[in-house]
Peer 1: 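Can you read through this structure? Questions will come right after.
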Amino acid sequence: MLAISLLTPPYATLSYATPAWLDASAWKCGQRVIVPLGKGGMLRAGIVVSVDDDSSVKEGVVLKECLWPAEREPLLRPEYLGMVKQLALRHMVTEGEVLGGLLPAGLRTSKIRLRILDGGKPRTVSMRDLAGMSAEERSRVGALWAGNAVEILDSTFDAEEQELCTLLVDPPWSVRPSAKRQIEVLEYLHDKGMLSRTRLLQELGSGISAALNTLAERGLVRIGPREGGTCESCEDESNECSFDFGEGFTLLPEQQVAFDDFSALLHDETPKSALLYGITGSGKTVVYLELAAEALAKGLSVMLLAPEVALACKLDSAVRKRFPSQECFFYNGYQSPTEREKTFRLLAKRTTPCVIVGTRSALFLPSPRLGLIVLDEEHDTSFKQDEGLVYQAKEVAHYRVQQSNGLLLLGSATPDVKTFHAVQQQAVSMGVMKERAGEGKLPEVSLLNIKNMKRSDGILAAECKKQIRETVERGEQVVILLNRRGYAPLMYCLDCGHVARCPHCEVGLTYHKGRERLICHYCGYSVSYPVVCSKCKGLHYLPMGEGTEKLEENLIEILPPDTKILRLDRDSTRRPGKMQRILDAFANQEAQVLVGTQMLSKGHHFPNVTLAVVADGDLGLNLPDYRAAERTFQLLVQASGRAGRGEKAGRVLIQTRDPGHYCWQFVGSADYDGFYAEEIERRRKRKYPPFVKLALIRASYPLDWNKGMEWVETLTEVARALGKEHDVRVLGHTPSPLPVLRGRKRFQWTLKSDDWISIRTLYYAMRNAVPRGSKLRLSLDIDPVNML
DNA sequence: AGCACGCCGACT
DNA sequence: GTCGGCGTGCTC
């Protein structure tokens with residue numbers, strides 16, 4: 001009998017009998033199969049996780065027969081299934097949930113068809129048809145299958161690919177305000193990016209069909225197959241590093257030392273982890289590439305991962321230049337399902353070594369013999385996925401190199417405190433690079449105390465505005481970091497003082513002037529502005545605070561009239577390739593000022609930038625998160641790294657209301673070692689990771705469910721009682737930092753322990769205390785990266 | 001997630 | 001009497 005993990009709900013692993021219509025040898029571990037489920041005989045896709053499953057099935061359950069394989073050769077290798085099992089155990093979810101979370105959509109569907117070629121004209125049979133056949137008929141198809149006269153058609157969404165809806169114009173859009181349907185479609189596409197027509201109709205209702213056609217006619221939306229090459233954001237390569245990649249490099253002395261050390265680890269036939277600690281601009285990429293060359297020469301595959309698509313693109317073009325004849329696979333979460341499926345399939349079949357470049361999701365690509373995994377900017381929190389399938393890319397990467405005796409190389413200028421601690425404990429080896437590779441020098445950093453500034457003064461101090469203006473007048477460029485997108489984060493009603501809030505999340509709605517809407521940054525809810533005040537029915541609001549959009553507007557007033565300003569945030573980069581275009585335009589000096597959120601601090605290279613301004617340095621410092629200081633330090637050092645990359649010296653100006661904070665003394669000199677020494681002592685004293693294992697258990701229930709609070713209290717009792725027994729400190733329950741999100745009330749418990757097992761035991765007990773199918777949802781976040 | 005089952009209220 | 005509301009529970 002076969003044990004099969006379902007790839008869609010209920011995600012269980014169920015036993016199925018091998019049917020008479022196919023030979024038992026047709027079923028293999030790691031293979032995708034189609035199985036019937038439930039009384040209605042619905043069909044599901046699953047992965048065979050065991051072929052001679054002898055696990056006891058509950059008494060009285062009659063086994064169903066597995067219907068058909070979705071492929072002849074298994075998609076997944078045994079090691080891959082091993083990784084899935086580990087992840088499932090670690091995060092206390094089923095293997096089906098793991099598989100469902102990491103396979104591209106097309107590989108999870110049961111809607112495949114068979115093409116039968118028995119002599120005459122070929123006929124096509126769906127899985128549903130097959131399920132409805134008589135036993136004899138199915139056996140006949142089985143015999144043809146065994147004789148290779150049946151092929152699998154899985155082109156279900158090729159049709160969808162032909163009708164992709166792409167937004168062509170940024171807001172504000174020139175449509176009548178009364179055309180609600182059209183605005184709905186535009187807003188939706190703006191939020192979700194490119195979507196197939198079918199999905200759009202599914203998600204917004206088929207009533208929008210006419211509106212969509214109008215938009216297409218008027219040229220606001222394009223309906224058709226995707227245009228151009230494989231990666232739209234990679235089309236233009238002008239923002240890449242100024243290094244001249246070619247047939248191998250001459251390494252600088254520091255790079256050579258680091259390379260030699262890592263190369264020795266690579267040739268050592270045991271799994272190893274290492275950290276490349278190199279300041280911003282020290283040329284880490286060169287070291288990665290030379291190591292990749294070593295691994296390839298040994299016949300091993302290489303994975304290079306970056307925290308974000310734009311950075312992954314840069315890595316990709318660097319790899320293609322360094323290894324022009326080597327096959328290189330690029331993969332990220334923003335690619336279309338078809339594209340991702342294609343890459344996944346190619347790699348699953350592949351046996352010869354290759355290079356894989358991408359973002360964290362690329363980590364789950366099947367790959368032949370992995371010799372090296374590089375995680376660039378390893379401190380970046382995007383390497384942890386905390387929605388849906390929860391995983392920390394660093395851990396998965398570690399597991400993967402463990403399996404293949406490879407090397408995991410983490411690179412950063414500001415390493416994760418946990419990683420650096422592992423280096424100190426000699427669990428991870430380290431290479432250090434403290435010189436900038438080019439002519440650039442580290443910038444001079446100064447703090448600007450804005451404690452006494454009034455709200456009406458705007459967000460930039462006079463001194464700051466002056467420096468921005470002077471820099472622009474000198475013909476140099478400025479980047480301004482403000483971690484708040486939109487126009488104004490709070491809208492006060494002028495008549496009654498009420499603040500406009502999201503009805504699902506209870507957080508303030510952010511005003512976006514360009515779109516004339518109030519938007520919730522947590523759930524995406526949006527209403528058109530002006531909106532009637534829910535308290536006094538007034539229509540007049542006072543925007544409070546300042547986001548990137550307003551900062552951009554204010555800057556226009558204080559700068560010379562012909563100054564061009566660009567804005568880089570989630571709103572201006574929704575459309576594919578847009579981010580790259582903005583970065584390229586800025587790198588080509590088409591604008592003098594770039595305003596943006598943290599996404600602009602990440603590893604981009606602008607030689608003519610001589611001033612970096614951090615508009616609100618404290619933002620984030622006071623978050624209820626033990627890593628707030630680490631996060632702020634990393635962000636600011638990375639942002640500082642944007643200035644002075646060319647020949648001219650750079651300056652960094654940080655505005656703060658709390659100049660006494662210990663973080664600042666180290667940011668000024670980009671002194672990571674100093675910061676680390678201070679931070680690790682604080683963590684030791686206060687018992688925070690890496691000195692304890694920390695986990696967050698989250699509970700949520702619908703706002704209108706009155707039994708919710710009772711259950712939360714019961715769970716606290718369960719947790720407390722078990723915590724005493726297993727030596728786990730239980731803090732909570734406390735309302736989550738966002739007490740209401742997407743219409744659900746949220747609570748959380750913080751758990752501290754010396755080992756993960758006790759924490760899992762507690763979570764297991766809490767989960768069992770809640771009846772199955774309850775409205776209360778529980779989730780476990782191991783080593784959370786954000787406490788929200 | 002679906003889909004059946006089942007236990008109450010409004011209707012022919 | 002019966003139709004149908006959706007709350008609860010199961011899927012090898």
Side-chain angles (χ1 to χ4, degrees), chain A residues 1-22 24 26-70 81 84-85 88 93-112 126-128 130-132 135 138 156-157 198-199 201-203 205 337 387-389 700-708 710-711 714 742-744 767-779:
Chain A
M1 99 186 148
L2 307 163
I4 291 162
S5 292
L6 303 178
L7 301 178
T8 49
Y11 295 117
T13 300
L14 303 176
S15 301
Y16 283 86
T18 49
W21 52 84
L22 280 175
W27 311 101
K28 292 158 190 165
C29 250
Q31 185 180 38
R32 281 183 316 135
V33 294
I34 308 302
V35 295
L37 181 74
K39 303 204 170 96
M42 317 167 273
L43 297 176
R44 294 291 154 97
I47 296 273
V48 179
V49 291
S50 157
V51 282
D52 44 359
D53 174 41
D54 52 355
S55 65
S56 52
V57 174
K58 227 193 277 170
E59 190 131 356
V61 174
V62 186
L63 288 197
K64 286 194 169 131
E65 290 166 310
C66 192
L67 180 63
W68 213 267
L81 289 179
V84 170
K85 193 163 199 169
V93 294
T94 64
E95 288 169 53
E97 278 169 285
V98 174
L99 286 162
L102 57 80
L103 291 181
L107 294 171
R108 296 181 310 220
T109 175
S110 62
K111 295 191 175 57
I112 58 168
S126 71
M127 285 295 137
R128 180 131 303 289
L130 207 58
R138 255 200 306 267
T156 27
F157 46 75
T198 341
R199 264 193 69 193
L201 293 184
Q202 241 169 47
E203 283 164 40
E387 268 180 16
L389 173 66
S700 76
Y701 56 83
L703 274 173
D704 55 13
W705 192 48
N706 50 17
K707 292 204 200 105
E710 253 170 71
W711 275 110
T714 311
R742 296 172 224 266
R744 298 177 73 87
R767 209 172 55 176
N768 283 343
V770 188
R772 293 218 294 137
S774 161
K775 287 179 180 174
L776 186 111
R777 285 208 285 253
L778 271 186
S779 68

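Worth knowing before you read on, the calculation uses all heavy atoms, side chains too, and leaves out hydrogens, waters and symmetry mates. The structure presented is a predicted model; accordingly, all values stated were derived computationally and were not measured. Within every chain, numbering begins at 1; the chains are lettered A, B, ... in the order of the sequence lines, protein sequences first and strands thereafter.
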Peer 1: Which part of the nucleic acid does A:Val62 contact within heavy-atom distance under 4.0 Å: base, sugar-phosphate only, or nothing?
Peer 2: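 Since only primed, P, OP1 and OP2 atoms lie under 4.0 Å of A:Val62, the category is sugar-phosphate.
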Peer 1: What integer distance in Å separates A:Leu14:CG from C:dC12:C1'?
Peer 2: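 Between C1' of C:dC12 and CG of A:Leu14: 5 Å.
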Peer 1: Would you classify A:Lys39 as touching base, sugar-phosphate or nothing, given that sugar-phosphate means primed atoms plus P, OP1 and OP2, and contacts are heavy atoms under 4.0 Å?
Peer 2: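 The residue A:Lys39 makes no contact with any strand.
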Peer 1: Hey, does the side chain of A:Arg138 reach the backbone of A:Leu130 with a donor-acceptor pair shorter than 3.5 angstrom?
Peer 2: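 The answer is yes, because a donor-acceptor pair under 3.5 Å joins these two groups.
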Peer 1: Whole angstroms only, please: what is the CE-C1' distance between A:Met42 and C:dT11?
Peer 2: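 Rounding to the nearest Å, CE of A:Met42 and C1' of C:dT11 are 7 Å apart.
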Peer 1: Carefully, step by step, assess A:Met1 and A:Ser15 under the rule side chain to side chain contact (heavy atoms under 4.5 Å, CB included).
Peer 2: CA-CA 7 Å; A:Met1 99 186 148; A:Ser15 301; 4.1 Å; yes
Peer 1: Measure from OH on A:Tyr11 to P on C:dT11 and round the result to the nearest Å.
Peer 2: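 Going from OH in A:Tyr11 over to P in C:dT11 covers 19 Å.
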Peer 1: Could you tell me from which nucleotide to which nucleotide of DNA chain B, 5' to 3', there is an atom under 4.0 Å from chain A heavy atoms?
Peer 2: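 Listing 5' to 3', DNA chain B meets chain A from B:dA1 to B:dC3.
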Peer 1: Whole-Å distance between C:dC12 P and A:Arg44 CZ?
Peer 2: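 Rounded to the whole Å, the gap is 10 Å.
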Peer 1: To the nearest Å, give me how far apart CG (A:Leu43) and P (C:dC12) are.
Peer 2: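 About 12 Å, once rounded to whole Å.
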Peer 1: Grab the two heavy atoms, one from A:Leu776 and one from A:Trp711, that are nearest each other, plus how far apart they are.
Peer 2: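 Shortest heavy-atom contact: CD1-CB, 4.1 Å.
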Peer 1: Determine, stepwise, if the pair A:Val51 / A:Thr18 fulfils side chain to side chain contact (heavy atoms under 4.5 Å, CB included).
Peer 2: CA-CA 9 Å; A:Val51 282; A:Thr18 49; over 6 Å; no
Peer 1: With a 3.5 Å distance limit and no angle check, can you tell me whether A:Tyr11 reaches the backbone of A:Leu99 through a side-chain donor-acceptor pair?
Peer 2: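 Not at all, since once roles are kept as given, no pair shorter than 3.5 Å links the two residues.
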Peer 1: Rounded to whole Å, please give me the gap between CE in A:Met1 and C1' in C:dC12.
Peer 2: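 A:Met1 atom CE is separated from C:dC12 atom C1' by 9 Å.
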Peer 1: Assign A:Thr8 to base, sugar-phosphate, or nothing according to its heavy-atom contacts below 4.0 angstrom with the strands shown.
Peer 2: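 Nothing: the residue A:Thr8, judged by heavy atoms under 4.0 Å, touches no strand.
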Peer 1: In whole Å, I'd like the distance from the OH atom of A:Tyr16 to the P atom of C:dT11.
Peer 2: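 Distance check: A:Tyr16 OH to C:dT11 P gives 11 Å.
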Peer 1: Give me each pair satisfying side chain to side chain donor-acceptor pair (under 3.5 Å) with a member in residues 30-44 of chain A, each pair once, sequence neighbours excluded.
Peer 2: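 Every side chain to side chain donor-acceptor pair (under 3.5 Å) pair that includes a residue of residues 30-44 of chain A, provided the two are not neighbours, is A:Arg32-A:Glu71.
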